[in-house]
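Take a look at the structure below.
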There are 2 protein chains.
Amino acid sequence: MSPKEEIAASRKDQIMNSAAALFASQGFYKTTTAHVAEAVGVTQPYVFHFFKSKEQLYLAVLERAYERLHRAFSAVDAPPEELAHKMGLAFNTLLESYRNEILLLMQCFTTPEPAIREYSRRTHSRIYNTVKTRFKTAGVPKPGTEASIFISCGLIITLSEILELPELSPWHEDLD
Amino acid sequence: MSPKEEIAASRKDQIMNSAAALFASQGFYKTTTAHVAEAVGVTQPYVFHFFKSKEQLYLAVLERAYERLHRAFSAVDAPPEELAHKMGLAFNTLLESYRNEILLLMQCFTTPEPAIREYSRRTHSRIYNTVKTRFKTAGVPKPGTEASIFISCGLIITLSEILELPELSPWHEDLD
DNA sequence: ACAATTTTATTTATTGATAAATAAATGAAG
DNA sequence: CTTCATTTATTTATCAATAAATAAAATTGT
């Protein structure tokens with residue numbers, strides 16, 4: 001965020017932004033409410049004025065990330081044979097603009113907190129159905145299988161980003 | 001483990017087995033050394049007699065899991081056009097026999113502990129190179145790309161298992 | 001003066017880790 | 001054999017640190 005936007009953003013938004021960055025890189029457990037507060041420049045208990053628990057904060061960040069992904073995918077328009085490719089481009093654009101949120105979204109399923117698990121399940125299910133429906137509507141054969149492959153692609157990109165192993169990315173040129 | 005094997009297994013092995021199950025389902029942070037100890041039936045400080053820290057225990061379990069995967073993949077023998085398929089079968093067999101270890105292996109990259117991150121990086125890199133080399137030696141074209149796709153397949157299966165969303169699995173039949 | 005914002009002070013619970021004590025097994029000497 | 005000594009296996013007790021959450025006070029703006 002630019003300085004101007006930083007000022008314009010409400011405290012709640014600032015907290016969610018810092019939380020997204022920290023949750024994405026440090027995960028749910030290693031990210032403390034004190035870290036989030038410090039990143040924003042407020043005191044730790046103040047975080048609880050906006051979110052009744054650390055878990056609720058995490059879920060709020062996750063939901064916002066999902067909505068952004070959903071909007072981005074919904075905005076893609078292309079003929080059937082280009083659809084998957086264009087959705088891939090949309091995913092990459094999102095990864096550049098909202099890296100934290102995307103990495104969090106693709107990673108959340110490993111957080112064993114029951115409420116987060118359940119939410120992750122719902123979220124991944126929603127993503128799958130969105131993608132599948134888009135493929136199906138466009139007349140792509142085997143839309144379910146295609147959607148599954150598409151998401152697996154997102155997963156390996158995430159893994160490659162987190163571990164800094166570019167050769168794992170499907171975009172990496174396969175020489176020799 | 002059967003009762004007989006349970007007795008035969010050394011304390012250290014028992015601790016690693018319980019730790020594998022707990023780390024796979026509860027993750028690094030939510031799994032306490034007390035939980036591991038309780039699952040084995042020993043006291044919490046005794047775990048530290050075998051592993052100098054919880055982190056070392058995690059890494060030991062991870063290494064054992066990697067070695068099992070490596071052996072399984074190395075044992076696969078097939079002509080080029082069947083190789084990927086047969087390696088997929090080997091992965092599935094392993095997932096049935098050593099579910100905990102496999103899920104842990106595919107999940108470990110999200111644990112933000114620096115030493116674990118570094119180890120995950122190394123481990124995933126080793127898996128990738130193993131698979132790529134196998135494809136290349138067999139004469140499969142684009143072995144790097146194929147290896148990347150193969151691993152992404154493992155990731156989506158893991159996601160589907162953890163969240164209990166069978167429709168996300170590549171093996172799920174794509175009806176309608 | 002009122003309402004919204006933000007801080008200080010504090011509590012409670014959890015958990016990884018250490019140290020010292022005890023019990024059990026093993027083996028050698030009488 | 002069986003007693004004693006020595007090592008190995010395991011427990012009890014405890015510490016120190018961390019972190020989420022609550023409540024009440026204080027500050028700021030209108």
Side-chain angles (χ1 to χ4, degrees), chain A residues 5-62 104 108 111-117 119, chain B residues 1 3 5-62 104 108 110-119:
Chain A
E5 288 167 322
E6 197 71 64
I7 290 161
S10 74
R11 275 272 126 100
K12 191 173 179 179
D13 286 341
Q14 287 180 293
I15 289 171
M16 284 178 73
N17 293 342
S18 292
L22 289 165
F23 283 141
S25 66
Q26 303 289 345
F28 179 75
Y29 299 103
K30 237 201 162 186
T31 298
T32 70
T33 57
H35 289 152
V36 174
E38 190 189 7
V40 175
V42 297
T43 56
Q44 177 259 330
Y46 194 37
V47 172
F48 290 85
H49 187 256
F50 299 98
F51 303 93
K52 85 161 193 283
S53 68
K54 178 178 156 182
E55 187 173 279
Q56 286 300 311
L57 169 59
Y58 186 94
L59 294 176
V61 171
L62 200 56
L104 183 65
C108 66
T111 303
E113 217 59 31
I116 295 179
R117 261 293 145 79
Y119 209 91
Chain B
M1 274 212 283
E5 287 168 324
E6 196 72 66
I7 291 160
S10 74
R11 275 287 192 250
K12 191 173 180 180
D13 286 340
Q14 286 181 292
I15 289 172
M16 285 178 73
N17 293 341
S18 292
L22 288 165
F23 283 141
S25 66
Q26 303 288 342
F28 179 75
Y29 299 102
K30 237 201 160 186
T31 299
T32 68
T33 56
H35 289 151
V36 174
E38 191 189 8
V40 175
V42 297
T43 57
Q44 178 260 330
Y46 195 37
V47 172
F48 290 86
H49 186 256
F50 299 97
F51 302 92
K52 86 163 192 281
S53 67
K54 179 178 156 181
E55 188 173 279
Q56 287 300 312
L57 169 58
Y58 186 94
L59 294 176
V61 172
L62 201 56
L104 183 65
C108 66
T110 66
T111 302
E113 218 59 32
I116 295 179
R117 258 296 142 80
E118 189 49 40
Y119 208 91

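Given the structure is predicted, the values throughout are model-derived calculations rather than measurements.
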Taking [atom1] from [X] and [atom2] from [N], how many angstroms apart are they, rounded to a whole number?
{"X": "Lys54(B)", "N": "dT14(C)", "atom1": "NZ", "atom2": "C1'", "result": "11 Å"}
{"X": "Phe50(A)", "N": "dA21(D)", "atom1": "CZ", "atom2": "P", "result": "16 Å"}
{"X": "Lys52(A)", "N": "dA23(D)", "atom1": "NZ", "atom2": "P", "result": "15 Å"}
{"X": "Lys30(B)", "N": "dA13(C)", "atom1": "NZ", "atom2": "P", "result": "18 Å"}
{"X": "Glu55(A)", "N": "dA20(D)", "atom1": "CD", "atom2": "P", "result": "12 Å"}
{"X": "Phe48(B)", "N": "dC15(D)", "atom1": "CZ", "atom2": "C1'", "result": "13 Å"}
{"X": "Gln26(A)", "N": "dT18(D)", "atom1": "CD", "atom2": "C1'", "result": "16 Å"}
{"X": "Glu113(B)", "N": "dT18(D)", "atom1": "CD", "atom2": "C1'", "result": "13 Å"}

> Mapping Gln44(A) and His49(A) to their closest nucleotides on DNA chain C, which lands nearer the 5' end?
Replying inline: His49(A)

> If you look at every heavy atom in Ala115(A) and Leu59(A), which pair is closest and at what distance?
Replying inline: O-CD2, 4.3 Å

> Within 45° of the axis and under 6.0 Å from the centre of the six-membered ring of Phe51(A), does NZ or CZ of Lys12(A) qualify?
Replying inline: yes

For the side chain of [X], counting heavy atoms from C-beta on, which of [options] is nearest?
{"X": "Arg11(B)", "options": "dT11(D), dG16(C), dT10(D)", "answer": "dT10(D)"}
{"X": "Pro45(B)", "options": "dA9(C), dA19(D), dA19(C)", "answer": "dA19(C)"}
{"X": "Tyr46(A)", "options": "dT11(D), dA9(C), dT7(C)", "answer": "dT7(C)"}
{"X": "Thr33(A)", "options": "dT18(C), dA9(C), dA20(D)", "answer": "dA20(D)"}
{"X": "Val42(B)", "options": "dA9(C), dT11(D), dA19(D)", "answer": "dT11(D)"}

> Do Tyr29(A) and Glu113(A) have a side chain donor and acceptor closer than 3.5 Å?
Replying inline: yes

>> What I want to check is whether the side chains of Gln26(A) and Thr31(A) have a donor and an acceptor closer together than 3.5 Å.
In response: no

> Can you tell me how far CD of Gln56(B) sits from CZ of Phe50(B), rounded to the nearest 0.5 angstrom?
Replying inline: 15.5 Å

>> Between Tyr29(A) and Thr43(B), which residue's closest nucleotide on DNA chain D lies nearer the 5′ terminus?
In response: Thr43(B)

